[in-house]
Amino acid sequence: MQNLLQFYRKNTATIILDVCDYQFNDGDTIYFTVKYKPDADLTDDDALIKTNWVVGTDVQVGEDGTLELGLTAEETNIAFGDYFYDLKLVSAGDTAENTLITGNLAILPVATLRV
């Protein structure tokens with residue numbers, strides 16, 4: 001599934017993740033990676049944003065079954081422009097990787113960057 005994300009540069013952001021046919025469990029890990037474009041680098045060393053959250057530790061499942069994945073202003077401090085991202089799920093106690101969402105990410109310009 002492809003979705004467009006848009007964040008203002010150097011601002012906090014929240015991604016609301018709702019996977020209709022999956023119930024998140026403690027220990028599940030969600031990976032978020034942003035790159036210029038998809039590539040074959042298995043280390044993701046060239047990623048502009050590379051973060052993850054562990055369910056039950058870093059993020060809690062909401063009453064409606066969704067996750068609110070928070071990004072810091074430091075994480076969104078990349079150059080203005082268009083990028084590619086994905087969100088990947090690795091279920092607790094399982095080595096299977098499931099790409100949940102891919103799409104384009106736009107880092108939007110702002111005037112105030114000095115703070």
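The chain is numbered in sequence order, starting from 1.
- Among all heavy-atom pairs drawn from Tyr83 and Phe80, the shortest one is OH-O, 3.9 Å.
- Here the side chains of Leu69 and Leu87 are in contact, with some heavy-atom distance below 4.5 Å.
- A distance-only check finds no donor-acceptor pair linking the side chain of Asn98 to the backbone of Leu100 [under 3.5 Å].
- Tyr22 and Phe24 have their aromatic ring centers within a separation under 6.0 angstrom.
- For the side chain to side chain contact (heavy atoms under 4.5 Å, CB included) with Ile30, the lone residue among Val54, Leu67, Asn52, Val59 that qualifies is Leu67.
- Judged purely by atom type and a 3.5 angstrom limit, Asn25 uses its side chain to pair as donor or acceptor with the backbone of Gln23.
- Ile15 is listed as a side-chain neighbour of Leu71, based on a closest heavy-atom distance under 4.5 Å.
- Separating the CG atom in Leu113 from the CG atom in Asn11 is a distance of 9.0 Å, to the nearest 0.5 Å.
- Between the side chain of Arg9 and the backbone N or O of Ile78 there is at least one donor-acceptor pair closer than 3.5 Å.
- You'll find the side chain of Gln6 reaches within 4.5 Å of the side chain of Leu4, heavy atoms only.
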Legend entry - Worked check of side chain to side chain contact (heavy atoms under 4.5 Å, CB included) between Thr12 and Glu75: CA-CA 8 Å; Thr12 60; Glu75 289 171 316; over 6 Å; no
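- How far OG1 of Thr66 is from CG of Asp64: 3.5 Å, rounded to the nearest 0.5 Å.
- Between Leu108 and Phe7 there is no side-chain heavy-atom pair separated by less than 4.5 Å.
- Side-chain contact between Thr112 and Val110: absent, with no pair of heavy atoms (C-beta onward) separated by less than 4.5 Å.
- At a threshold of 4.5 Å between non-hydrogen side-chain atoms, the residues Tyr31 and Trp53 do not count as touching.
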Inset, instruction - Apply the test side chain to side chain contact (heavy atoms under 4.5 Å, CB included) to residues Val55 and Thr29: give CA-CA distance (whole Å), side-chain angles for both, the deciding distance (0.1 Å), then the verdict. - result: CA-CA 6 Å; Val55 175; Thr29 303; over 6 Å; no
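- A donor-acceptor pair under 3.5 Å is absent between the side-chain atoms of Thr14 and the main chain of Gly70, judged by distance alone.
- Taking 4.5 Å as the limit, every side-chain heavy atom of Thr102 sits out of range of all side-chain heavy atoms of Tyr85.
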Inset, instruction - Using the side chain to side chain contact (heavy atoms under 4.5 Å, CB included) rule, take Phe84 and Leu105 through it: C-alpha gap first, then chi angles, then the decisive distance, then the call. - result: CA-CA 6 Å; Phe84 183 83; Leu105 167 68; over 6 Å; no
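- Between Ile101 and Thr99, the closest side-chain pair of non-hydrogen atoms is not below 4.5 Å.
- Under a 3.5 Å cut-off, the side chain of Asp28 and the backbone N or O of Ala92 do form a donor-acceptor pair.
- Annotation: the span from Lys10 atom NZ to Glu74 atom CD amounts to 10.0 Å, rounded to 0.5 Å.
- By the criterion of side-chain heavy atoms lying less than 4.5 angstrom apart, applied directly or through intervening Ile, Leu, Val, Met, Phe, Trp or Tyr residues, Ile16 is not grouped with Leu89; the two fall into different hydrophobic clusters.
- Evaluation of the salt bridge (Lys or Arg N to Asp or Glu O under 4.0 Å) rule for Asp46 yields Lys35 as partners, not counting sequence neighbours.
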